[in-house]
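Okay, structure first, notes after.
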Amino acid sequence: DAMVIQNPRYQVTQFGKPVTLSCSQTLNHNVMYWYQQKSSQAPKLLFHYYDKDFNNEADTPDNFQSRRPNTSFCFLDIRSPGLGDAAMYLCATSRAGTTRGETQYFGPGTRLLVL
Amino acid sequence: AQSVTQPDIHITVSEGASLELRCNYSYGATPYLFWYVQSPGQGLQLLLKYFSGDTLVQGIKGFEAEFKRSQSSFNLRKPSVHWSDAAEYFCAVARGGGADGLTFGKGTHLIIQP
């Protein structure tokens, strides 16, 4: 089945230690998104890629970066995680973007714990 | 800027009873609206979406939603809930104005009583 895969499902890191979260998709979609969802809150868009074009949200901290080496993979890098970065990180894809009414398909998420 | 309001943080419904989850949006043009469901520790699953056309939208798992422009609402309904429907439900609107991505409401936590 075509799907969005996130690895790992759970990630524990230490305060200030860089961490990378991974997302892959078999849908061959053009757009890949990263959302941050803190406990009992709504998902919040961090950034997205349309093909190779990177689109950062204005309020996304500089501590968060992303890479998309090819169509299938997208990575979220947190350079120096703080306690406030503990959250569920959701990857999503869309064929042509929500501006055209396209659906976003979400992965199962990676829960990040910062010690 | 667009926004989504889900006025009910928690809703408790008896199994077999009907359900309505409220969603109000703020958006200047015709919105693209979505309902997602999230089970504990899981990602988001699309229930249904409104793009255009018929204002009553059918989704998966027996859910439906009605787009009412005059009330800026997109309420989710189900005639008879099952215990497996217990989850968090998010209403979302496509951001529009050339900006990709979704703006989500804060969610409604659905509890099913036996």
Side-chain angles (χ1 to χ4, degrees), chain A residues 3-10 21 23 25 27 29-51 53-60 87-113, chain B residues 1-10 23 25 27-54 57 59-60 67 74 87-111:
Chain A
M3 56 197 305
V4 182
I5 302 160
Q6 291 189 245
N7 287 305
R9 294 292 309 278
Y10 299 90
L21 309 182
C23 177
Q25 54 132 341
L27 297 161
H29 282 174
N30 294 311
V31 194
M32 296 187 76
Y33 310 79
W34 281 104
Y35 287 84
Q36 179 192 62
Q37 186 182 21
K38 295 188 176 181
S39 182
S40 301
Q41 296 186 20
K44 178 180 178 300
L45 183 64
L46 295 173
F47 28 58
H48 72 278
Y49 273 95
Y50 196 115
D51 291 330
D53 293 332
F54 178 68
N55 297 271
N56 196 28
E57 294 300 302
D59 57 356
T60 296
M88 174 79 89
Y89 290 88
L90 297 165
C91 175
T93 74
S94 173
R95 190 180 65 85
T98 58
T99 56
R100 302 185 183 188
E102 295 278 348
T103 297
Q104 283 190 358
Y105 296 88
F106 284 82
T110 294
R111 183 165 296 281
L112 178 67
L113 180 63
Chain B
Q2 72 289 333
S3 65
V4 177
T5 302
Q6 294 180 248
D8 303 305
I9 298 173
H10 300 278
C23 173
Y25 68 90
Y27 188 74
T30 299
Y32 301 138
L33 294 161
F34 304 80
W35 274 101
Y36 284 88
V37 61
Q38 185 178 36
S39 297
Q42 301 298 315
L44 298 167
Q45 181 183 21
L46 179 72
L47 289 174
L48 47 80
K49 73 174 186 179
Y50 173 76
F51 179 72
S52 65
D54 194 346
V57 181
I60 63 170
F67 170 60
F74 188 55
E88 192 81 18
Y89 291 80
F90 289 96
C91 182
V93 63
R95 298 195 303 168
D100 207 332
L102 299 178
T103 297
F104 286 86
K106 292 186 176 181
T108 297
H109 184 61
L110 177 63
I111 300 166

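Being a predicted model, the structure only gives us computed values, none of them experimental.
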Pick from A:Y33, A:Y50, A:Y49: which one makes a side-chain hydrogen bond (donor to acceptor under 3.5 Å, both in side chains) with B:D100? A:Y33

Heavy atoms only, distances under 4.5 angstrom: which of A:E57, A:K44, A:Q41 has the most pairs with chain B? Name it, please. A:E57

Just wondering, are more than 12 heavy atoms of other shown residues or ligands nearer than 6.0 Å to CD1 in B:I9? no

Which bit of B:A99 comes within less than 4.5 Å of chain A, counting heavy atoms only: side chain, backbone, both or neither? backbone

B:F104, part contacting chain A, at a heavy-atom distance under 4.5 Å: both

Mind checking the CE-CD spacing from A:M88 to B:Q42? Nearest 0.5 Å is all I need. 7.0 Å

Okay, B:Q38 and chain A: the region with an atom under 4.5 Å from a heavy atom over there is side chain

For B:L44, which atoms come within 4.5 Å of any heavy atom of chain A: side chain, backbone, both, or neither? both

4.5 Å side-chain heavy-atom contact, B:F34 and A:T103: yes

Picking from A:R9, A:E102, A:Q37, A:Q6, which has the most non-hydrogen pairs under 4.5 angstrom with chain B? A:Q37

Which of the residues A:G109, A:P43, A:A92, A:G107 is involved in the greatest number of heavy-atom pairs with chain B at under 4.5 angstrom? A:P43

Part of B:Y36 within contact of chain A (heavy atom distance under 4.5 Å): side chain

Examine distances only and state if a side-chain atom of A:Y35 and a backbone atom of B:G101 form a donor-acceptor pair shorter than 3.5 Å. no

Closest contact, heavy atoms only, B:G105 versus A:A42: O-CB, 3.0 Å

